[in-house]
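Report on one structure; see the data block that follows.
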Amino acid sequence: MNDKVLVVEDELSIAKFISRGLQREGYTVLTADDGETGLNTAFSELPDLIILDVMLPDIDGLTVCRRLRDAEMQTPILMLTAKDAIPDRVAGLEAGADDYLVKPFAFEELLARLRALGRRKAPIETSAPLTFNDLTLNPSTRMAQRGERNIELTAKEYELLELFMRHPNQVLTRDQIYERIWGYDFGGESNIIEVYIRYLRSKLEAGGEPRLLHTIRGVGYALRES
Ligand code: CA
């Protein structure tokens, strides 16, 4: 699937310049023209990369960045800063951004930075074990552990659990889950998500452990402690 990039930028000409270029390169592009919309879109769409302008009309880019990191969103963030605003760059990295780019910039420069950020997250995503509470998921063996108890997972169960482990404490909607795991739009008729959640719960709770996969009524599911 194509990498999904969220562009948070209020200057329409720059936002268009970036999104057209990225679309030509095969990225799926989402845009937001203020900080609040940027935050909401990041949480609802779970993009793979975020391009975030510092100067925004409502919540500034630094605050947006900090809030995303406070919510444990690990998505790579590239900040756009004004020319020669060195305090902005330092503040951006301190707020949790991964890199910054000074305006004005050439599109090729932006693309190179994005590709570097995409590559940087890739090895971590494929190998490092993910943990939440007493649950561990090992991407290299595709096995789970609850405490000392080993849990074997089918391919789809693994993918579904990995999605939750990469977004702990976040409510994932049925549409998000469907799109990520099954890769096409959800018609609303299938109960396949419920079925797989049930499989996962029975395996994760087979030793009498407390529930970690919770139903959020009318919305979706979340991996959290209660
Ligand atoms: Ca701006």
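- Counting non-hydrogen atoms of other residues, nucleotides and ligands closer than 6.0 Å to OH of Tyr199 gives a total of 12 or fewer.
- Residues Leu62 and Asp60 come closest through the heavy atom pair N-OD1, 2.9 Å.
- Checked options Asp134, Thr136, Asn133; the residue passing with Arg146 is Asp134 (criterion: side chain to side chain donor-acceptor pair (under 3.5 Å)).
- Under a hydrophobic-cluster definition in which Ile, Leu, Val, Met, Phe, Trp and Tyr are linked whenever side-chain heavy atoms come within less than 4.5 Å, directly or via other members, Leu213 and Ile216 are assigned to different clusters.
- A 6.0 Å sphere centred on CZ of Arg149 holds more than 12 heavy atoms belonging to other residues, nucleotides or ligands.
- A donor-acceptor pair is defined here as one N or O able to donate and one able to accept, closer than 3.5 Å; no such pair exists between the side chain of Glu108 and the backbone of Ala106.
- The main-chain N or O of Leu56 is never found under 3.5 Å from a side-chain atom of Asp10 such that the two would form a donor-acceptor pair.
- Under the 3.5 Å distance criterion, the side-chain polar atoms of Lys4 are left unmatched by any main-chain donor or acceptor of Leu46.
- Taking each heavy atom of Gly96 and Arg69 in turn, the nearest pair found is O-NE, 2.9 Å.
- Residue Val171 is not grouped with residue Leu160 when hydrophobic side chains (ILVMFWY) are merged at heavy-atom distances under 4.5 angstrom, including chains of intermediate members.
- In this structure, Leu22 and Leu114 have side chains that are in contact, with non-hydrogen atoms separated by less than 4.5 Å.
- Side-chain atoms of Lys156 never come within 3.5 Å of backbone atoms of Tyr196 as a donor-acceptor pair (strictly under, hydrogens ignored).
- A donor-acceptor pair is defined here as one N or O able to donate and one able to accept, closer than 3.5 Å; such a pair exists between the side chain of Thr41 and the backbone of Thr37.
- The main-chain N or O of Thr154 is found under 3.5 Å from a side-chain atom of Glu157 such that the two form a donor-acceptor pair.
- Ring-plane geometry between Phe17 and Phe105 is classed as tilted, the angle between the planes lying from 30 to 60 degrees on a 0 to 90 degree scale.
- A distance of 10.5 Å separates CD of Glu45 from OG1 of Thr28, quoted to the nearest 0.5 Å.
- Residues Leu137 and Phe132 are members of one and the same hydrophobic cluster, defined by side-chain heavy-atom contacts under 4.5 angstrom among Ile, Leu, Val, Met, Phe, Trp and Tyr.
- No single ILVMFWY cluster, assembled from side-chain heavy atoms under 4.5 Å apart, contains both Val219 and Ile181.
- Of the possible donor and acceptor atoms, one in the side chain of Asp98 sits under 3.5 Å from a partner among the backbone N and O of Ile77.
- At distances below 3.5 Å, at least one donor-acceptor pair connects side-chain atoms of Glu9 with backbone N or O atoms of Glu11.
- Residues Leu30 and Leu68 share a single hydrophobic cluster, defined by chaining ILVMFWY side chains whose heavy atoms lie under 4.5 Å apart.
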